[in-house]
2 protein chains.
Amino acid sequence: MIFAFDFLKVGPFYWNKRNMKENKIAIFNPAQVGRAGEDIALQIEAAIVDGKIAPGRRLPSERELQSQFHTGRGVIREALGALKQKGLIEIRKGAKGGAFVKQIEMRHVSESLALFLKQRAINPYYLIEVRESVDRTITTLAIARGADEEKEQLVAGAQRLLEELQKPEPDMVSVFEMDRDLNLLFAQMTQNPVFEWIMRAMQSGLGSHDHALYTNPEYRERTAANWLNTATGIAEGEPLRALSVIGYHYVMLRNCLESESDSPQELAGEFPEAKTQNNRF
Amino acid sequence: MIFAFDFLKVGPFYWNKRNMKENKIAIFNPAQVGRAGEDIALQIEAAIVDGKIAPGRRLPSERELQSQFHTGRGVIREALGALKQKGLIEIRKGAKGGAFVKQIEMRHVSESLALFLKQRAINPYYLIEVRESVDRTITTLAIARGADEEKEQLVAGAQRLLEELQKPEPDMVSVFEMDRDLNLLFAQMTQNPVFEWIMRAMQSGLGSHDHALYTNPEYRERTAANWLNTATGIAEGEPLRALSVIGYHYVMLRNCLESESDSPQELAGEFPEAKTQNNRF
DNA sequence: ACTGTGTAATGGTACTACCAATATCGGAAT
DNA sequence: ATTCCGATATTGGTAGTACCATTACACAGT
């Protein structure tokens with residue numbers, strides 16, 4: 001039986017360990033003994049990222065791989081598990097099941113980033129600074145490249161957001177959702193997918209801070225009005241006005257976070273003095 | 001024996017499957033049968049990211065976890081493998097070995113990103129645009145916040161880079177290394193760790209394009225001289241000059257890539273017209 | 001005090017058996 | 001002829017056992 005997977009080469013050191021012991025003829029390359037699983041994962045990963053297996057294609061079943069690599073099924077499962085974790089493959093059960101190559105989703109990258117940010121407990125001021133700088137670039141590009149239709153959508157969306165927040169009891173869930181969609185549309189207008197990814201990643205890693213402006217009644221309406229100003233600035237092709245307005249957004253965000261950290265909650269601040277090695281890697 | 005890991009709760013549905021079949025008394029929550037491994041991984045992950053297990057601490061041995069979760073060791077290994085893949089734990093062999101909680105390294109995030117970019121075969125022009133915008137922000141911040149000592153280092157590093165590239169046969173490996181170090185120092189001067197991480201991530205995902213300027217003899221020296229100009233601009237606190245010079249860097253980079261794509265190599269361009277859905281997610 | 005060796009703990013691998021989910025196909029019922 | 005149902009084969013998921021390889025550590029011998 002011939003496979004499309006002859007590129008999955010088998011090193012001479014994966015032959016049954018028990019046999020290895022019997023014929024003690026020196027095996028010169030016990031390289032990475034104790035890491036067979038990782039090795040296999042790397043081989044398959046290389047095959048995938050080099051495009052030797054197209055997305056959607058199916059890898060051999062675990063039992064077939066087992067015999068191809070002359071190893072136990074557990075090792076194969078471990079390797080496949082690692083690839084699944086990386087988002088490179090998807091595993092389906094049942095007949096005609098198996099491991100299918102898939103495109104990595106942005107979600108994996110942003111989850112990885114969010115995990116990192118969470119574990120490091122990054123000072124929000126650092127994130128906000130980055131966010132602001134990205135926002136400014138996006139603004140310029142969105143004005144230059146955004147389609148008229150997109151610009152109208154942006155204004156309409158900001159309008160809806162403002163209306164929702166002017167209600168006595170706004171529905172926060174949909175407010176957050178509208179904010180997120182606006183930001184994504186905003187990024188999309190740059191015509192550069194990388195900015196969309198960055199925006200998504202930041203939202204999963206930073207979202208909670210950004211929501212402070214909406215939950216705080218003092219800032220709520222001003223923030224939405226500001227969004228509308230940004231949108232119209234962009235729609236009318238006024239970069240400097242849009243940038244000023246964005247600046248105001250971040251002034252409010254910083255003030256808002258500061259005032260909240262004065263509350264009995266934890267202290268988040270200390271940004272300007274943070275010249276120490278804290279939070280550095 | 002009492003553990004520090006009583007938070008690793010065991011659902012009633014993980015009792016030996018064989019028993020499950022014998023006493024057919026309805027188990028109402030077969031939830032996620034066939035996903036026990038993932039469930040366990042999630043439980044442990046939650047414990048880690050919530051800080052219930054401090055970095056450096058050791059998880060119980062696989063065999064102990066096995067009996068705590070009433071499952072097979074394979075499942076435990078699978079769960080631990082997933083966590084290891086995420087960079088949450090590190091596994092050591094031998095006596096006193098086991099799974100140790102560790103801090104997620106930036107490497108994991110950037111590798112994940114690099115994998116994503118590679119699989120998507122992103123048009124380099126998109127990446128360069130992002131890179132340029134980040135560089136501009138970093139420049140401003142570096143001037144404002146960089147220590148005098150760092151500024152001197154930057155100039156000295158750029159000087160060394162230029163000298164190396166003026167040799168008849170520059171050592172490319174060390175050139176790339178110097179360029180990377182300069183960029184990192186540059187980012188470090190912002191006093192904002194997030195910019196350092198972004199810089200690292202971009203270098204692992206974009207590095208190859210950036211190197212074109214050094215491998216191409218036509219641009220080699222001009223690029224290094226330009227770096228030196230940037231560094232002195234920063235050291236002397238001249239943001240506008242530094243920004244102009246950085247602009248020139250990207251003009252050269254784009255020209256360089258364009259001229260190389262005219263060669264028999266693959267065509268990389270088509271940026272301005274790329275309004276289609278290609279390369280979008 | 002030093003060195004080497006045994007020993008226990010622990011992850012890594014192999015193998016087997018069985019369970020659970022799924023697709024496919026054939027036959028029965030309509 | 002069409003539809004439905006059930007048998008069957010394929011394949012991932014789990015359990016369990018046995019053994020190997022590596023490491024830390026204590027203990028004995030020098």
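Just so we're on the same page: letters track the sequence lines, and every chain starts at 1. Please read all numbers here as calculations on a predicted model, not as lab measurements.
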- [ ] Could you tell me which residues satisfy ring-ring contact (aromatic ring centres under 6.0 Å, His included) with B/Phe100, sequence neighbours excluded, listed by chain and number?
- [x] none

Task: Residues in salt bridge (Lys or Arg N to Asp or Glu O under 4.0 Å) contact with B/Lys118, at least two apart in sequence or another chain - done: A/Asp50

Open item on the list: Of the listed nucleotides (C/dT13, C/dA14, D/dA15), which one gets closest to any side-chain atom of A/Thr71?
Closed with: C/dA14

Open item on the list: Could you tell me how far apart B/Ile40 (CD1) and D/dT14 (P) are, to the nearest whole angstrom?
Closed with: 8 Å

- [ ] For the residue pair A/His211 and A/Phe176, categorise the inter-ring angle as parallel (less than 30°), tilted (30 to 60°) or perpendicular (more than 60°).
- [x] parallel

Task: Separation of atom CD in A/Glu38 from atom C1' in C/dG12, rounded to whole Å - done: 11 Å

Task: Any residue meeting side-chain contact (heavy atoms from CB on, under 4.5 Å) with B/Asp181, in chain and number order, not counting sequence neighbours - done: B/Glu177

- [ ] Mind checking side-chain hydrogen bond (donor to acceptor under 3.5 Å, both in side chains) for B/Glu45 and listing every partner two or more places apart, or none if nothing turns up?
- [x] B/Lys86

- [ ] May I have the distance from B/His70 (atom NE2) to D/dG16 (atom C1'), rounded to whole angstrom?
- [x] 15 Å

- [ ] Produce a footprint string for nucleotides 7-12 of chain D: one letter per nucleotide, 5' end first; B if the base is under 4.0 Å from any protein heavy atom, S if only the sugar-phosphate is, - if neither.
- [x] --BBBB

Open item on the list: Expressed as a whole number of angstroms, how long is the span from A/Glu78:CD to D/dT14:P?
Closed with: 15 Å

Task: Protein-nucleotide distance (B/Lys84, atom NZ; C/dT10, atom P), rounded to Å - done: 18 Å

Task: Partner residues of B/Glu111 under the side-chain hydrogen bond (donor to acceptor under 3.5 Å, both in side chains) criterion, sequence neighbours left out - done: B/Arg107

Task: Protein-nucleotide distance (A/Phe69, atom CZ; C/dC15, atom P), rounded to Å - done: 15 Å

